[in-house]
Amino acid sequence: MKNKINRREFIKLSGKTACACSMIGTSVLLTNCGESNPVSNIDTTGESENFNLNEDPYTVLKTVGGSAVTNGNTIDNKGLLLYRESESNIIAYTRNCTHAGYELLSFENGKSDCSSGHGGQFNLMGEAVNPPATGNLKEYDTELDGNILKVFGG
């Protein structure tokens, strides 16, 4: 004999199931979005990377206000966010968003946006200025010798 349920029982059961699935999905999204993925604690002291400002994509760093990004390297596995602050100084930050670990884009109009599109932004001092990003970006020491930029791990 087949088990039959009436229409009212079916709607009630379907509604509870849909509600439970919705709650689980929302919970997963909120948990993942709320997690912070700060910069890795890997110690890269003693490591360094050289970047030639005569080579793409680093030629923009020959001009004050220029910004570029690197791929992952021995200093930072997410890469570096570089900014030419003055004639004698280039700043290097991690390219790792403090909110969820997505890569950051080069500075444009004084801000670096998170590549995920979630709205996180950082100013030229490496400070989070738009949520959900929080805190400051890790900054690395740099040395500029002519057209060679050296970035030091730490």
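For this chain, numbers begin at 1 and follow the sequence in order.
Residue T59 holds its OG1 atom at 10.0 Å from CG of N52, rounded to the nearest 0.5 Å. Atom OG1 of T142 is separated from atom CD1 of I75 by 11.5 Å, given to the nearest 0.5 angstrom. In this structure, the separation between NE2 on H118 and OH on Y102 is 7.0 Å, given to the nearest 0.5 Å. Distance check: L149 CG to K62 NZ gives 13.0 Å after rounding to the nearest 0.5 Å. I91 contributes atom CD1, which lies 11.5 Å from atom CG of L61 (distance to the nearest 0.5 angstrom).
A donor-acceptor contact shorter than 3.5 Å is absent between the side chain of T94 and the backbone of K138. Between the side chain of K78 and the backbone N or O of G101 there is at least one donor-acceptor pair closer than 3.5 Å. One N or O on the side chain of S67 and one on the backbone of F107 form a donor-acceptor pair closer than 3.5 Å. A donor-acceptor contact shorter than 3.5 Å is absent between the side chain of T44 and the backbone of E47. Remark: side-chain polar atoms of R95 are paired, donor with acceptor, to backbone N or O of T70 under 3.5 angstrom. Listed for the S112 side chain is no donor-acceptor partner under 3.5 Å among the backbone atoms of S106. A distance-only check finds no donor-acceptor pair linking the side chain of D76 to the backbone of L80 [under 3.5 Å]. E49 places a side-chain N or O within 3.5 Å of a backbone atom of T74 that can act as its donor or acceptor partner. A donor-acceptor pair is defined here as one N or O able to donate and one able to accept, closer than 3.5 Å; no such pair exists between the side chain of D145 and the backbone of I148.
No donor-acceptor contact under 3.5 angstrom links the side chains of S86 and N89, judged on distance only. Defined by atom type and a distance below 3.5 Å, a donor-acceptor pair is present between the side-chain atoms of D113 and Q121.
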>> Let's go through E87 and V64 carefully: what are the C-alpha distance in whole Å and the side-chain angles of both, what is the deciding distance for side-chain contact (heavy atoms from CB on, under 4.5 Å) to 0.1 Å, and is it a yes or a no?
In response: CA-CA 6 Å; E87 286 296 323; V64 173; 3.5 Å; yes

>> Using side-chain contact (heavy atoms from CB on, under 4.5 Å), reason through R84 and L53 one step at a time and then give a plain yes or no.
In response: CA-CA 11 Å; R84 182 77 182 241; L53 304 190; 3.9 Å; yes

> Does the pair V69 and L104 meet the rule for a side-chain contact (heavy atoms from CB on, under 4.5 Å), with working shown?
Replying inline: CA-CA 8 Å; V69 293; L104 297 171; 6.0 Å; no

> Yes or no on side-chain contact (heavy atoms from CB on, under 4.5 Å) for N73 and V151, after CA distance, side-chain angles and deciding distance?
Replying inline: CA-CA 11 Å; N73 51 59; V151 180; over 6 Å; no

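Criterion: ILVMFWY side-chain heavy atoms under 4.5 Å apart, direct or through other members. Under it, L105 and Y58 are not part of a common hydrophobic cluster. Connection of L124 to Y93 is established within a shared hydrophobic cluster, with ILVMFWY side chains joined at heavy-atom distances below 4.5 Å, either directly or through further cluster members.
The two residues C97 and A133 have their closest heavy-atom pair at SG-CB, 4.3 Å.
Using a 4.5 Å cut-off on side-chain heavy atoms (C-beta onward), F152 and T45 make no contact.
Atom CG of N130 sits in a crowded spot, with more than 12 heavy atoms from other residues, nucleotides or ligands closer than 6.0 Å.
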